[in-house]
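Since the structure is predicted, the reported quantities are computational estimates derived from the model, not experimental observations.
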Amino acid sequence: MAYFAIFLAILLVYPTKIASLEVGFYQKTCPSAEAIVKSVVEKAFANDSGTAPAFIRLHFHDCFVRGCDASILLNSTPGNLAEKDSSANSGVQGLELIDEAKAKIESQCPNTVSCADILAFAARDSVSVSGGLYYTVPAGRRDGNVSRAAEAAANLPSPNFTVAQLKKNFANKGLSLDEMVTLSGAHSIGGSHCSNFMSRLYSFNKTYSQDPSIDPNYAKLLKKMCPKKMSGASIDQVVVSFDPVTPDRLDNVYYKNLEMNKGLLFSDQILWATSSTRKMVKNNANHGNLWAKKFAKAMVHMGSIEVLSGTQGEIRKDCRFVN
Ligand code: HEM
Ligand SMILES: *[C@@H]1O[C@H](CO)[C@@H](O)[C@H](O)[C@H]1NC(C)=O
Ligand SMILES: *[C@@H]1O[C@H](CO)[C@@H](O)[C@H](O)[C@H]1NC(C)=O
Ligand SMILES: *[C@@H]1O[C@H](CO)[C@@H](O)[C@H](O)[C@H]1NC(C)=O
Ligand SMILES: *[C@@H]1O[C@H](CO)[C@@H](O)[C@H](O)[C@H]1NC(C)=O
């Protein structure tokens, strides 16, 4: 009987501490939260379609480092370089728009909605505006209060990873090889700075100066946009679209491009060049609707990585600073 009472006590107390995520988490406490994020995302996208890929990448980079806890939004402080100032996060954008959504939400329901959930909602709404596919986002994430640049470099995948390295990197976060290939489809929108793929064009390896897996005409185009000797300013300014066919549309054309050897990053094209992932690429290229469903599901899974919930962490007042 005593054992049973202890068991019951644990059952009653424990769930509030590890409360997991749920759809409609703010329905009672801040019913307009999701609508506010949506309107910010839609307005920004109408002005600049580059905001959608920015939000999707922000959520990914948040979740892969210390879980989805908005650690990517924290500013560096004296003596601590934060995640966003790591070279692994170079090119991340959209932070001002997250601030805008957070400020609007705080004015309606202070201290209630986490920055981590705002990132997850913004990524979902970005998928929706750019891809026309919608999914519900389980919420209730809490914000962390630690952000270290070194952890971004250690946890985020590099554009010159092989499939074995990509597989291991995603497995470390509980994501499968198929989910890795499915989520890489996010590279059907947005773009990359030349520095992330220039070695494929000019200094691939000892035998080949140019990666032999690149379609020759595509390589010519890339070399024109990213000449061997780029000046300081253009290195930062030139961004090449991942998908030259439908650059602002989140779709499975990414996989069709890979089949034609028109993947931008080494880590993109290698998915086609490696036998274990080649059939997944083929499948996603041939079945767009199936890919879209898998993509939405994988985004939700990614959004659950190592989350803080219940009484863990905090609800930041300002996404750039711990309370
Ligand atoms: C598989 C391993 C991955 C690698 C090595 C990788 C690497 C990169 C690199 C190097 C860039 C270019 C950044 C720049 O130059 O500004 C980029 C952009 C991007 N990545 Fe990934 N990525 C990976 C997976 C993912 C995943 C899983 C997602 C989301 C689900 C994602 C979403 C994006 C988006 C949307 C952009 C465009 C950002 C923009 O235009 O603002 N990536 N990625
Ligand atoms: C519209 O987008 C441009 C860049 O693409 C940006 O400079 C500008 O601030 C945006 N305007 C608004 C109102 O968001
Ligand atoms: C990996 O890619 C970077 C660019 O992102 C490049 O500068 C570096 O030389 C590459 N490293 C290796 C080992 O290929
Ligand atoms: C260079 O790359 C090619 C194509 O990926 C590969 O077959 C070859 O073994 C590589 N050579 C060296 C020296 O790494
Ligand atoms: C970080 O958050 C924890 C609760 O999750 C709290 O105990 C700790 O005091 C916080 N540290 C700072 C520096 O805010």
With a 3.5 Å distance limit and no angle check, can you tell me whether Arg142 reaches the backbone of Ser114 through a side-chain donor-acceptor pair?
no
Pair Tyr255-Asn286, side-chain donor/acceptor within less than 3.5 Å:
no
Check for me, please, whether Val253 and Tyr218 land in the same ILVMFWY cluster - side-chain distances under 4.5 Å, paths through other members count.
no
Is there a donor-acceptor pair under 3.5 Å between the side chain of Arg249 and the backbone N or O of Ile189?
no
Asn257 side chain to Gly263 backbone, donor-acceptor under 3.5 Å:
no
Just by distance, with hydrogens left out, do Gln269 and Lys262 show a side-chain donor and acceptor under 3.5 Å apart?
no
Taking only Lys NZ, Arg NE, NH1 and NH2, and the carboxylate oxygens of Asp or Glu, determine whether Arg66 and Glu306 approach each other closer than 4.0 Å.
no
Please determine if Lys43 and Glu100 form a salt bridge, counting it only when a charged side-chain N lies under 4.0 Å from a carboxylate O.
yes
Evaluate whether atom NZ of Lys282 has more than 12 neighbouring non-hydrogen atoms of other residues, nucleotides or ligands under 6.0 angstrom away.
no
Pick one: which of Val40, Val41, Leu73, Val37 meets side chain to side chain contact (heavy atoms under 4.5 Å, CB included) with Ile98?
Leu73
Lys317 backbone acceptor or donor facing Asn323 side chain under 3.5 Å
yes
Please check if any side-chain donor atom of Asp85 sits under 3.5 Å from a side-chain acceptor atom of Ser76, or the reverse.
yes
Is there a ring-ring contact (aromatic ring centres under 6.0 Å, His included) between Phe170 and Phe64? Walk through the geometry before answering.
CA-CA 9 Å; Phe170 277 63; Phe64 265 54; 4.9 Å; yes
What I want to find out is whether Lys102 reaches Asp318 closely enough, with some N-O distance under 4.0 Å, to be called a salt bridge.
no
Residue among Asp211, Asn217, Asp215 satisfying side chain to side chain contact (heavy atoms under 4.5 Å, CB included) with Asn261
Asp215
Closer than 3.5 angstrom, by distance alone: can the side chain of Gln165 be matched with the main-chain N or O of Thr162 as a donor-acceptor pair?
yes
Between Glu179 and Lys297, is the closest basic N to carboxylate O distance under 4.0 Å?
no
Using every non-hydrogen atom in the two residues, find where Asp243 and Tyr254 come nearest and quote the distance to one decimal.
OD2-N, 4.4 Å
When you measure from the side chain of Tyr202 to the backbone of Gln210, do you find a donor-acceptor pair of N or O atoms at a distance under 3.5 Å?
no
Counting neighbours of NZ on Lys38 that are heavy atoms of other residues, nucleotides or ligands and sit closer than 6.0 Å, is the number greater than 12?
no
